[in-house]
Amino acid sequence: MWAFQLVEKMASLVTKARNEFTFIWRVENYSHCWHKFGEELVSPVFVVDLMQKTAWTLCLYPRGYDDCHFISFFLQREELDVGPPVIEVNYELSFLAPDGSNLFKAGKNEFFKNGSGYGKSRFAPRSEVLIEKRDLYLPQDTLTVCCKLFTLGGNGGEAQSHARTRIQIETLSFAYTVEDFCNLIPCHTGTVEVESSSMGRSSVLVDVIATDGSCCEEKLMVEIKPAIKEIEVVSCKIYLLDASRNLVKCGRADNRFDLIKEDALNVPLLFSKKKLMEKSDEYLPQNSLTLRCECTFSVALEFEKIEKTVHGLHLIPESTPIRDGFTIEGSPNSHSISSDFMSFYNEQVDIFKQ
């Protein structure tokens, strides 16, 4: 009777063996995400063999799913995979610090159907990730995201997969000249197209606009728009080229931290039209205003891929030390294979003359 109960208990433990899968996703140049409110950034698809070959993705909403003040984070099961119609999974979502510790964590136990997803719409405050604790969340502008999945059943096991997504960014540096500046008409626009070498066509449209200000204080603004829908302008620095050919800082803008993403980037200049005209000898040689613009824009995803998958972590953890070479114990002349190889290399033995 006792033996039967022991066998029954052991069988119960086997059927309830724990499976654990960890997916680590690194998003490079994260602060340059072009995604507007309600738009998602999706990870590469990962298949979990330990969990009946179900397929999954992680979904980030950089400007929020239903609240633009928060980054949203969800685990999504694919519409089509070879797994069962419904699977019970305990999941854990987190952002990781450089030392691997959790900065934000959320999760629970859910039943996932094909095409269903769960997570947290107010996962992490955008201001904390992008500004207040940027060094923790975005070292080298890379956000590290982690998802852990747990199930019971089968023989048990542990595996880990790593993926990387890089947002492509490019910087355009160009000169823009407004001739006959003193006669610039308020709200006048003179569009200039600037071409990107990587794309081989016009990428941004640039206008210098004088606003219709009061008391002759016409404000100047540079408006930069994407020429094609595939790119998003995210930041710009503007310098004024004076009569001595020196560059003077006169404006900058950065919309990476804006709650609402606009199509155009507007850069107000530090000098009004009146101030420039008062110092025309210094700033307006031959009645021309010359600006140097440095615009950075994102071009979509440069690449996304699964880089590494490790199985059997419950048997041999990745941190297991590796010894260089091996020896045959008991041999009077025991030494490592590596030393044999180095001796062979140093002596320059020609095996074809033996």
So, for Gly119 and Leu93, which heavy atoms are closest and what is the spacing to 0.1 Å?
CA-CD1, 4.1 Å

State yes or no: do Leu172 and Val267 share one hydrophobic cluster built from I, L, V, M, F, W and Y residues joined by side-chain heavy-atom distances below 4.5 Å, directly or via other members?
yes

Are the side chain of Asp66 and the backbone of Ser121 linked by a donor-acceptor contact shorter than 3.5 Å?
no

Between Lys225 and Glu223, does at least one N-O distance fall below 4.0 Å, as a salt bridge requires?
yes

Any side-chain heavy atom of Cys33 sitting closer than 4.5 Å to one from Leu41?
yes

Restricting to salt bridge (charged side-chain N to carboxylate O under 4.0 Å, His left out), what partner residues turn up for Arg77, sequence neighbours left out?
Asp81

Is the closest side-chain heavy-atom distance between Ile238 and Arg252 below 4.5 Å?
no

Besides Leu241, the hydrophobic cluster formed by Ile, Leu, Val, Met, Phe, Trp and Tyr side chains linked at under 4.5 Å, directly or via other members, contains Tyr239, Leu247

Under a single-linkage definition using a 4.5 Å side-chain heavy-atom cutoff for Ile, Leu, Val, Met, Phe, Trp and Tyr, are Met277 and Val178 assigned to the same hydrophobic cluster?
yes

Does any N or O in the side chain of Asn29 come within less than 3.5 Å of the main-chain N or O of His32, such that one atom is a donor and the other an acceptor?
no

The salt bridge (charged side-chain N to carboxylate O under 4.0 Å, His left out) partners of Glu304 (sequence neighbours excluded) come to none

Report the distance from atom CH2 of Trp34 to atom CZ of Arg63, rounding to the nearest 0.5 Å.
11.5 Å

Under a side-chain separation threshold of 4.5 Å, the hydrophobic residues clustered together with Tyr65 are Tyr61, Phe74

Could you give the distance from CD (Gln286) to CZ (Phe181), rounded to the nearest 0.5 Å?
15.5 Å

CZ of Arg126 to CZ of Arg256, rounded to nearest 0.5 Å, is 11.5 Å

Please tell me if the side chains of Trp25 and Phe46 come closer than 4.5 Å, counting only heavy atoms from C-beta onward.
no

Can you check whether Val45 reaches Ile306 side chain to side chain, under 4.5 Å on heavy atoms?
no

For Asn90, enumerate each residue passing the side chain to side chain contact (heavy atoms under 4.5 Å, CB included) test, keeping only those at least two apart in sequence or located in another chain.
Asn109, Phe150

Within-4.5 Å side-chain heavy-atom neighbours: Leu289 and Leu276:
yes

Is Ser235 reaching over with its side chain to a backbone N or O of Asp254, donor-acceptor style, under 3.5 angstrom?
no

Please step through side-chain contact (heavy atoms from CB on, under 4.5 Å) for the pair Thr54 and Leu149, ending with a clear verdict.
CA-CA 11 Å; Thr54 48; Leu149 304 178; over 6 Å; no

Run the numbers on Leu75 and Trp56 for side-chain contact (heavy atoms from CB on, under 4.5 Å), then give the verdict.
CA-CA 7 Å; Leu75 170 66; Trp56 309 81; 3.7 Å; yes

CA sep, side-chain torsions, deciding dist, call: Val206, Phe174, side-chain contact (heavy atoms from CB on, under 4.5 Å):
CA-CA 10 Å; Val206 184; Phe174 56 91; 3.5 Å; yes

Residue pair Ser31, Leu130: steps toward the side-chain contact (heavy atoms from CB on, under 4.5 Å) verdict
CA-CA 7 Å; Ser31 70; Leu130 292 169; 4.2 Å; yes

ILVMFWY network linking Phe70 to Phe104, side-chain heavy atoms under 4.5 angstrom
no

Residues in salt bridge (charged side-chain N to carboxylate O under 4.0 Å, His left out) with Lys279, at least two apart?
none

Are Arg134 and Glu132 ion-paired here, with the side-chain N under 4.0 Å from a carboxylate O?
no

Value for OH (Tyr137) from CD1 (Ile131), rounded to nearest 0.5 Å, stands at 13.0 Å

Looking only at heavy atoms, the pair that brings Leu240 and Phe271 closest together is CD1-CD1, 4.4 Å

Donor-acceptor side-chain pairing of Ser43 and Thr57 below 3.5 angstrom
no

Grab the two heavy atoms, one from Phe37 and one from Asp67, that are nearest each other, plus how far apart they are.
CE1-N, 3.6 Å

Should we say atom CG of Asp135 is surrounded by more than 12 heavy atoms from elsewhere, each under 6.0 Å from it?
no

Is Arg164 salt-bridged to Glu28, cutoff N-O under 4.0 Å?
yes

For the SG atom of Cys293 and the OH atom of Tyr176, what is their distance to the nearest 0.5 Å?
9.0 Å

Please identify each residue that fulfils side chain to side chain contact (heavy atoms under 4.5 Å, CB included) with Asp99, with sequence neighbours left out.
Ala97, Ser101

With no hydrogens and no angle check, just 3.5 Å: does a side-chain donor-acceptor pair link Arg292 and Ser173?
yes

Enter the distance from Leu269:CG to Leu291:CG here, rounded to the nearest 0.5 Å.
6.0 Å

Connected via hydrophobic side-chain network under 4.5 Å: Val89 and Tyr118
yes

So, the side chain of Arg26 versus the backbone of Thr142: is there a donor-acceptor pair under 3.5 Å, distance only?
no

Hydrophobic clusters join Ile, Leu, Val, Met, Phe, Trp and Tyr when side-chain heavy atoms are under 4.5 Å apart, directly or via other members; which others share one with Val47?
none

Between Glu294 and Lys237, is there a salt bridge with N-O shorter than 4.0 Å?
no

Asp242 side chain to Ser244 main-chain N or O, any donor-acceptor pair under 3.5 Å?
yes

Counterpart residues, side chain to side chain contact (heavy atoms under 4.5 Å, CB included), relative to Asn19 (two or more places apart):
Leu50, Met51, Thr151

Donor-acceptor pair, distance only, cut-off 3.5 Å: does the side chain of Glu39 make one with the backbone of Lys36?
yes

How far apart are the closest heavy atoms of Ser288 and Asp180, and which atoms are they?
OG-N, 4.5 Å

Measure across Gln76 and Gly117 and return the closest heavy-atom pair with its distance rounded to 0.1 Å.
OE1-CA, 3.7 Å

Answer with yes or no whether the hydrophobic clustering places Phe23 together with Leu103; edges join I, L, V, M, F, W, Y residues whose side-chain heavy atoms lie under 4.5 Å apart.
yes

Which pairs, with at least one residue in residues 75-96 and sequence neighbours excluded, count as a ring-ring contact (aromatic ring centres under 6.0 Å, His included)?
Phe73-Phe95, Tyr91-Phe112, Phe95-Phe123

Where is the tightest heavy-atom contact between Asn266 and Pro268, given as atom of each residue plus distance?
O-CD, 3.5 Å

Rest of the hydrophobic cluster containing Phe111 (Ile/Leu/Val/Met/Phe/Trp/Tyr, side-chain heavy atoms under 4.5 Å)?
Val86

Salt bridge (charged side-chain N to carboxylate O under 4.0 Å, His left out) involving Lys53 - partner list, sequence neighbours excluded:
Asp49

